[in-house]
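Heads up: numbering here begins at 1 and tracks the sequence.
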Amino acid sequence: MLIKTRVDMLLPVIKICSYEEAEQHFNRLLMLENLDEQVKRQPDLIKNFEEFFSLALTEAYTENSKAELAKGFLQRLLYRINRLKLFWYDALHSYTNERSSYVKKVRHRIESIWQTWELTQLDVEKIQSLNVKQALQKRANVDLNPPLSAAKRYLQEDMNLEGYRLLLAIASLDGLVEASRLSRILGGASNEIQATLIRVLLEEYGNGRLSRKHSTFFAQMMAELGLKTEPEAYFDLVPWQVLASINHNFLLTERKRHFLRYNGGLTYFEIAGPAIYTDYMQAAKRLQLSDAAMGYWELHIREDERHGQWMLTDVALPLADKYPHDAWELILGYDQEKLISDRAASAVMVLIQNAKSIQI
């Protein structure tokens, strides 16, 4: 009786009229005590939400005027589910439904349709035919020193202070909990590959010293520019393309069958990082910002040069030898990470170029 009274008080059955309202309703569902039992006893709790959810699954990946809105809705839901895999030092009740079968069902329905669409964006058959080691080395050579694109030139030469602050605000969704997903793949048998991945994680985590943790440097940049340093403070500014990048990595780290894909993607991320962070640091220098307002970039440029080499020579290539029949998944992961990252960067660039009209 107490549970029923609490549910009735917290979550009355209401008419949902938009994706925004459907998202708010789902967030309240996540906080219900014993969600699965409540859904069985009171099906109307999810009936209206399910209508919008099913509509989004259809609209997101077909040609229509509401596809972008539907993608945003689904990726926001998925992020809210995935974040339960990490501990945020908040109310313990926040995790009451982390193993809910209903929440798991929602996640599976999103991932099934979304990941099928993601795979259509690449020529998987061609990737399967490549010489894995040669293909990885060739990609690494290109991405270590990419050509100067229009976007890179804009960041280096034209991005204003409002754009720089917006860049930090959006990036903070990942930057303030950096490397957390990497920790999900480190358990298991010991070998040189695992040892290398642990070294990467330890450096990201400042070798156990909070003052040296990379996320601490990111928070210092934000504080220097008057931005909030609480994780997820700017969640509503983050475009779905960035959320998709985060959710993609949650999926790959939570399913060990995708171990090769994740490490291929991490190889790209670490190799490409220094060139990307150099653009940001040059922008900060041009804007005459303090060392504290750009320290994270400098640290990453220095450490990711090592990490990229480690990931290629001590992780990706040894994995290709260990799993010769599945090694093409390393390239798939590499190419997917690059594609999804480029898509996210393009979306962020649009916002940066219109930063004056966005309040942060």
Side-chain angles (χ1 to χ4, degrees), residues 71 75 78-79 82 111 114-124 126-128 130 132-133 135-146 149 151-152 170-171 173-175 177-185 193 196-197 200-201 204 238-277 279 300 304-305 307-317 319-320 323 326-349:
K71 286 189 180 77
Q75 292 299 330
L78 190 54
Y79 175 84
N82 284 330
E111 288 178 342
W114 165 47
Q115 285 290 309
T116 297
W117 176 81
E118 288 286 6
L119 286 174
T120 66
Q121 308 304 300
L122 293 169
D123 188 342
V124 177
K126 181 178 179 180
I127 289 173
Q128 290 175 320
L130 296 174
V132 173
K133 289 187 173 182
L136 286 172
Q137 186 64 64
K138 182 178 180 180
R139 283 160 168 73
N141 293 340
V142 172
D143 295 323
L144 189 61
N145 294 292
S149 64
K152 289 174 69 67
I170 294 172
L173 187 64
D174 197 47
V177 291
E178 185 172 26
S180 293
R181 293 181 302 276
L182 170 59
S183 67
R184 309 292 294 180
I185 70 165
I193 294 170
T196 299
L197 291 170
V200 172
L201 180 75
E204 298 284 352
V238 180
W240 72 260
Q241 294 89 339
V242 174
L243 293 176
S245 177
I246 295 172
N247 287 328
H248 180 73
N249 280 277
F250 266 117
L251 170 63
L252 298 191
T253 53
E254 292 300 326
R255 295 192 60 187
K256 302 307 178 286
R257 175 60 185 83
H258 299 321
F259 187 80
L260 298 187
R261 279 174 66 190
Y262 175 73
N263 280 287
L266 185 58
T267 299
Y268 166 76
F269 183 84
E270 297 291 351
I271 286 173
I276 295 171
Y277 300 140
D279 295 337
H300 257 65
D304 282 3
E305 287 177 350
H307 294 177
Q309 189 62 41
W310 290 353
M311 286 302 304
L312 180 63
T313 61
D314 298 338
V315 175
L317 296 183
L319 283 173
Y323 298 97
D326 300 305
W328 63 272
E329 294 181 21
L330 290 160
I331 306 175
L332 176 61
Y334 189 106
D335 288 0
Q336 272 198 307
E337 181 68 20
K338 181 173 183 177
L339 176 65
I340 293 173
S341 295
D342 286 349
R343 186 174 65 204
S346 295
V348 173
M349 182 65 67

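- Checked against side-chain hydrogen bond (donor to acceptor under 3.5 Å, both in side chains), Gln75 has the following partners two or more places apart in sequence or in another chain: Asn247.
- In this structure, CZ in Arg343 is found 7.0 Å from CD in Gln241, a value given to the nearest 0.5 Å.
- Shown here are the side-chain hydrogen bond (donor to acceptor under 3.5 Å, both in side chains) partners of Asp143, two or more places apart in sequence or in another chain: Tyr334, Lys338.
- Atom-to-atom distance recorded for Asp314:CG and Leu319:CG is 10.5 Å, nearest 0.5 angstrom.
- Ile271 CD1 to His307 NE2: the interatomic distance, rounded to the nearest 0.5 Å, is 13.0 Å.
- Contacts of Trp240 classified as side-chain hydrogen bond (donor to acceptor under 3.5 Å, both in side chains), with partners at least two apart in sequence or in another chain: Glu68.
- Applying the 6.0 Å contact sphere to NZ of Lys138 captures no more than 12 heavy atoms from other residues, nucleotides or ligands.
- Leu312 approaches Ala140 most closely through the heavy-atom pair CD2-CB, 4.0 Å.
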Only pairs under 3.5 Å count here: list side-chain donor-acceptor contacts from residues 257-266, not counting sequence neighbours, and write none if there are none.
from, atom 1, to, atom 2, distance (Å)
Arg257, NH1, Glu329, OE1, 3.0
Arg257, NH1, Glu329, OE2, 3.2
Arg257, NH2, Glu329, OE2, 3.0
Arg261, NE, Gln336, OE1, 3.4
Arg261, NH2, Gln115, OE1, 3.3
Arg261, NH2, Gln336, OE1, 2.6
Asn263, ND2, Phe259, O, 2.9

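- Minimum interatomic distance between Ile340 and Ala244 (heavy atoms only, all atoms of both residues): CG2-C, 4.4 Å.
- Of the inter-residue distances, the one linking Ser180 atom OG with Ile246 atom CD1 reads 10.5 Å to the nearest 0.5 angstrom.
- With sequence neighbours excluded, no residue satisfies side-chain hydrogen bond (donor to acceptor under 3.5 Å, both in side chains) with Trp310.
- Between Leu201 and Ala179, the closest heavy-atom pair is CD1-O, 3.6 Å.
- Counting all heavy atoms, side chain and backbone alike, Lys152 lies closest to Ala275 at NZ-O, 3.5 Å.
- Of the inter-residue distances, the one linking Thr116 atom OG1 with Glu111 atom CD reads 11.0 Å to the nearest 0.5 angstrom.
- The CG atom of Leu317 sits 10.5 Å away from the CE atom of Met311 when rounded to the nearest 0.5 Å.
- Within the structure, salt bridge (Lys or Arg N to Asp or Glu O under 4.0 Å) contacts touching residues 240-254 (residues at least two apart or in different chains) are Arg184-Glu254.
- In plain terms, the two heavy atoms of Ile185 and Lys256 that are nearest each other are CA-CE, 4.4 Å.
- Scanning both residues, Leu330 and Ala316, for their nearest heavy atoms gives CD1-O, 3.3 Å.
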